[in-house]
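Working notes, structure below.
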Amino acid sequence: MGKQHINTAWARIQDLREGADPLTDQARGALVRSLYERRTALAMGAICGAMASTVVAFLSDNSLLYSLAFLLSSIAILRIVNARHLARNPDDIDADYLELTYKFGAFSYALVLGLVAAATVALDTGAMAQVLMITNAVGYGIGICAHNAARPTIALGQLTLVSVPVVWAVLAEGSVAGAFLALTIALLFPAMFSIVFSIFGTLRDSLDAADRSAELAAQMETIALTDPVTGLANRSGLDRDLPGVLERAADSGNAAVLWIDLDRFKEVNELKGHQAGDQVLREIGSRLSALVEDGGIVARFAGDEFVVTTRIDSRNAASMLASQILGEVRRPMRIDGERIEMGASIGIALMPEDGCTAEELMRHADLALYEAKIAGRSQVRFFTTDMTRDLAHRREIETELRLALSRDELSVYFQPIVDLETGRVRCFEALVRWFHPEKGEIRPDEFIPVAEDSGAIVTLGNWLTGEAARVAAQWPEDVHVAVNLSPLQLKAPGAALGILNALREAGLPPERLELEVTENLFLEDSPSIALFIKELSRAGVRFALDDFGTGYSSLAYINQWPFSKIKVDRSFVSGAQAGRKSDAIIRAVSQMGHTLGMEIVAEGLETVEQVKAVRSAGCTLGQGYHFSRAIPDYKAALLLAEETDSAKGELRKRRVG
Ligand code: C2E
Ligand code: CA
Ligand code: CA
């Protein structure tokens, strides 16, 4: 053996010493357990040795050999019984104990077998008996080395214990053949040493590789279940953990699933950049996590949606948690030195009343969120069974609405807005009409909100603006057309350009288009809305504030934005609350409009008395069934033609009393 060989051999022996075992506990456990595998081969080996020694004892009729044979057989039986017992549940038994038991049995068996072989030589029992025992002992030593290579100490220990007595006995016998036999057996050592370590190395490497790939798989799993931006569970993580959380919560009472959707997140992302958006998400994520007790989950479900699930005592407690969440979301944050305020809508489903499975609770929380979003910003809704019904109805409308445009089921009707002084038609408001082949007419109040939710309003609105402009281009130059705009429509990319293009195609000057918007448009302080209004105003398009008096009725909006008209909602004119008080309000608004150079339109005029009342209160324009309902384009054209013809003004007088 060269010097280097001796060095590596020494290093290996060092490895064998206790405390220097380079294996992980898990790998060592697996290797120790492998000792107990192949139990039949082990039993066969033990039985062979025991039988051979018994035969030799019987042939020589020697009491020492009888005793040794008895001892060897006993050890063999004990080992077989013990291996069977331990094999029933080896994973539950400590690896140290398994190794120690094995070592004890293996070493004692090897030593006694070696002693039997040595005794046959020393007692001169006859050539064949000696051959039988020596081949048995040496064969066992070699075989067991291969079998137990997973634990080199045991393997080489057994080889040593079985061989040393034999070597000693054959040397003591003093013959040349005996000396050569001893040498042959001694030479087995380096050979077996190398084989054992080579097998051990291969086993250890494959265990290491298995460990590493298990670790890698665990890492991959964590990545797949985690949202990289917030570090919270992602949708898949939620899917995996939610059932467990609900199960644990069920043991102690109730649970709540809160589905949170951030308001205005898209804007932050678009205007301040994705990095700022990510920071907002991280901040919200950590604020939510701080609110949820241990054992709950906070997950980022998608984009700007979070789901919180936690054990909860009552509906009240869920409601309190929702308020806390709203409070935390709204608390201003500084992102890149800029102050950002967010809002959120929340839908809540409770276990057990709204469902017990993760799937059911998520579906119901989603429905509740949908309702919360419809109700406006920063709303919280608990799931109710009505929501399922409403949803089915809305879905039906949504699907049919998509087809309605292509099937030509939609048309634009026009309702005149009349000058209360002269009775002349000054403008027509374009109103969409849907005539469904089976269901008859479907009211805009029913399908416009659905179109707004589904985003179909953008297509519908573009189509309607184009149609209205095309029709209006045929009217006398001083007659305007008014079109209703939903907030979503004007936030769509390229909205302003789309409207200007529609006007150009129809050949309608921008000054003849009025866009009716409601106050809720200004609830969100959105730069895209400001930009839209500025761009179109500059081009000459006019704006009207619709349904005034139904919302916040803040005079600030009137001052801030370039409205040319304010449309006082019909509830002030013909509604239940119409009366002296609303009369006073109309008067005040009219006065203000007058000062600011705006016209005031009274909506919903149905009787001549109402016309007189709003006129004396200062309204300059009126709209309502008293003048006309919304009519198709050809009727509007007829009305205008009639007006030009009746120079005597009879018709006008009848209209305005
Ligand atoms: P709006 O903008 O306030 O439109 C006026 C509504 O009042 C119309 O209902 C009109 O038919 C109705 N009306 C007019 N005069 C009277 C009256 O004397 N008495 C009564 N009781 N009602 C009167 P319509 O057409 O059903 O539209 C309802 C709402 O749907 C509209 O309210 C508007 O917000 C929306 N809408 C209608 N067409 C469109 C559209 O093309 N685009 C958008 N975005 N919204 C639309
Ligand atoms: Ca309107
Ligand atoms: Ca209105």
Side-chain angles (χ1 to χ4, degrees), residues 397 401 404-405 409-418 425 427-435 440-469 471-472 480-492 495 498-499 502 513-521 542-551 553 563-578 589 600-611 613-614 619 621-633 636 655:
I397 289 190
L401 187 60
L405 259 172
E409 289 170 21
L410 297 178
S411 18
V412 191
Y413 271 44
F414 298 89
Q415 187 179 31
I417 298 173
V418 174
V425 174
C427 179
F428 280 98
E429 178 176 358
L431 294 162
V432 65
R433 292 291 175 262
W434 182 2
F435 301 102
E441 188 178 345
I442 302 176
R443 292 163 41 87
D445 290 338
E446 207 173 322
F447 68 84
I448 292 286
V450 177
E452 284 175 335
D453 285 339
S454 65
I457 192 72
V458 177
T459 321
L460 190 150
N462 288 344
W463 168 81
L464 184 126
T465 311
E467 286 290 297
V471 172
H480 294 182
V481 66
V483 168
N484 293 286
L485 270 200
S486 298
L488 200 71
Q489 232 176 308
L490 88 209
K491 280 194 288 185
I499 288 181
L513 177 70
E514 280 170 19
L515 296 177
E516 296 193 3
V517 296
T518 52
E519 277 173 303
N520 56 24
L521 182 67
R542 292 159 203 259
F543 283 88
L545 184 58
D546 202 0
D547 302 343
F548 185 77
T550 53
S553 311
F563 292 118
S564 58
K565 266 183 194 165
I566 294 169
K567 300 184 78 176
V568 178
D569 191 69
R570 67 168 175 270
S571 55
F572 286 86
V573 177
S574 48
Q577 44 166 306
V589 174
I600 308 299
V601 188
E603 290 187 304
L605 297 174
E606 294 181 355
T607 66
V608 72
E609 287 74 28
Q610 288 166 350
V611 175
V614 297
C619 291
L621 297 171
Q623 177 181 7
Y625 297 164
H626 170 69
F627 301 111
S628 165
R629 290 184 178 248
I631 48 177
D633 55 354
R655 280 195 201 136

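Computation of the quantities below employed the complete heavy-atom set of this structure, encompassing side-chain atoms and omitting hydrogens, waters and symmetry-equivalent molecules. Whatever order the structure lists ligands and atoms in, that order sets their numbers, starting from 1.
Across Val432, Thr518, Val517, heavy-atom proximity to atom 40 (C) of ligand 1 is greatest for Val432. With Glu452, Lys567, Glu429, Glu606 as candidates, the residue nearest to atom 20 (C) of ligand 1 on a non-hydrogen basis is Glu606. Among Phe447, Tyr625, Trp434, the residue whose heavy atom lies closest to atom 16 (C) of ligand 1 is Tyr625.
Residues Val608 and His626 have side chains in contact (heavy-atom distance under 4.5 Å, counting atoms from C-beta outward). Between Glu603 and Asp547 the shortest side-chain heavy-atom distance falls below 4.5 Å. Between Ile499 and Leu515 the shortest side-chain heavy-atom distance falls below 4.5 Å. Side-chain contact check for Asp453 versus Leu488: every heavy-atom pair is 4.5 Å or farther apart. For the pair Gln623/Gln415, a side-chain contact is recorded, criterion being any heavy-atom separation below 4.5 Å from C-beta on. Side-chain contact between Leu521 and Leu490 is present, with at least one heavy-atom pair separated by less than 4.5 Å. Two residues are said to be in side-chain contact when any heavy atoms from C-beta on lie closer than 4.5 Å; Phe414 and Val481 meet this criterion. Considering only heavy atoms from C-beta on, Ile397 comes within 4.5 Å of Trp434 through its side chain.
Residue-level proximity to ligand 1 for Arg433 is carried by the side chain, the only part with a heavy atom below 4.0 angstrom. At a heavy-atom distance under 4.0 Å, only side-chain atoms of Asp547, from C-beta outward, approach ligand 1. Counting heavy atoms closer than 4.0 Å to ligand 1, residue Leu464 contributes side-chain atoms (C-beta onward) but none from N, CA, C or O. Using a 4.0 Å cut-off between heavy atoms, Val412 makes no contact with ligand 1 at all. Residue-level proximity to ligand 1 for Gln415 is carried by the side chain, the only part with a heavy atom below 4.0 angstrom. Residue contacts with ligand 1 for Arg570 involve side-chain atoms from C-beta outward but no N, CA, C or O (heavy atoms, distance under 4.0 Å).
The nearest N/O/S atom of Glu603 to the Ca ion (ligand 3) is OE2. Of all the N, O or S atoms in Glu429, the one closest to the Ca ion (ligand 2) is OE2. In terms of distance to the Ca ion (ligand 3), the nearest N, O or S atom of Asp547 is named OD1.
Among the atoms of Asp546, an N, O or S atom falls under 3.0 Å of the Ca ion (ligand 2). Inclusion of Glu516 in the first shell of the Ca ion (ligand 2) is supported: an N, O or S atom falls under 3.0 Å.
The ligand atoms of ligand 1 that sit less than 4.0 angstrom from a heavy atom of Asp445 are 28 (C), 29 (C), 30 (O). In the vicinity of Glu603, heavy-atom distances shorter than 4.0 Å reach the ligand 1 atoms 3 (O).
Listed for the Glu519 side chain is no donor-acceptor partner under 3.5 Å among the backbone atoms of Phe548. Looking only at distances, no side-chain donor or acceptor of Glu467 sits under 3.5 Å from a matching main-chain atom of Trp463. A donor-acceptor pair under 3.5 Å is absent between the side-chain atoms of Ser486 and the main chain of Gln489, judged by distance alone.
At the top of the distance list for atom 24 (P) of ligand 1, counting protein heavy atoms only, stands Pro444 CG, 3.8 Å. Nearest protein heavy-atom contact of atom 43 (C) of ligand 1 is Asn484 CB, 3.5 Å. Given atom 37 (C) of ligand 1, the protein heavy atom at minimum distance is Leu431 CD2, 3.6 Å. Ranking the protein heavy atoms by distance from atom 44 (N) of ligand 1 puts Ser486 OG, 3.2 Å first.
Within a 4.0 Å radius of atom 32 (O) of ligand 1, the protein has no heavy atom. For atom 9 (O) of ligand 1, the protein comes within 4.0 Å by no heavy atom at all.
Between His480 and the choices Glu429, Lys565, Glu514, the side chain to side chain donor-acceptor pair (under 3.5 Å) rule is met once, by Glu514.
Where the criterion is an N or O separation shorter than 3.5 Å, residue side chain and backbone included, His626 fails it with respect to ligand 1. An N or O contact shorter than 3.5 Å is missing between Gln623 and ligand 1 by distance.
Aromatic ring pairs are classed by plane angle as parallel below 30°, tilted from 30° to 60° and perpendicular above 60°; the pair Tyr413 and Phe435 is tilted.
Residue Gly604 places a heavy atom less than 4.0 Å from ligand 1.
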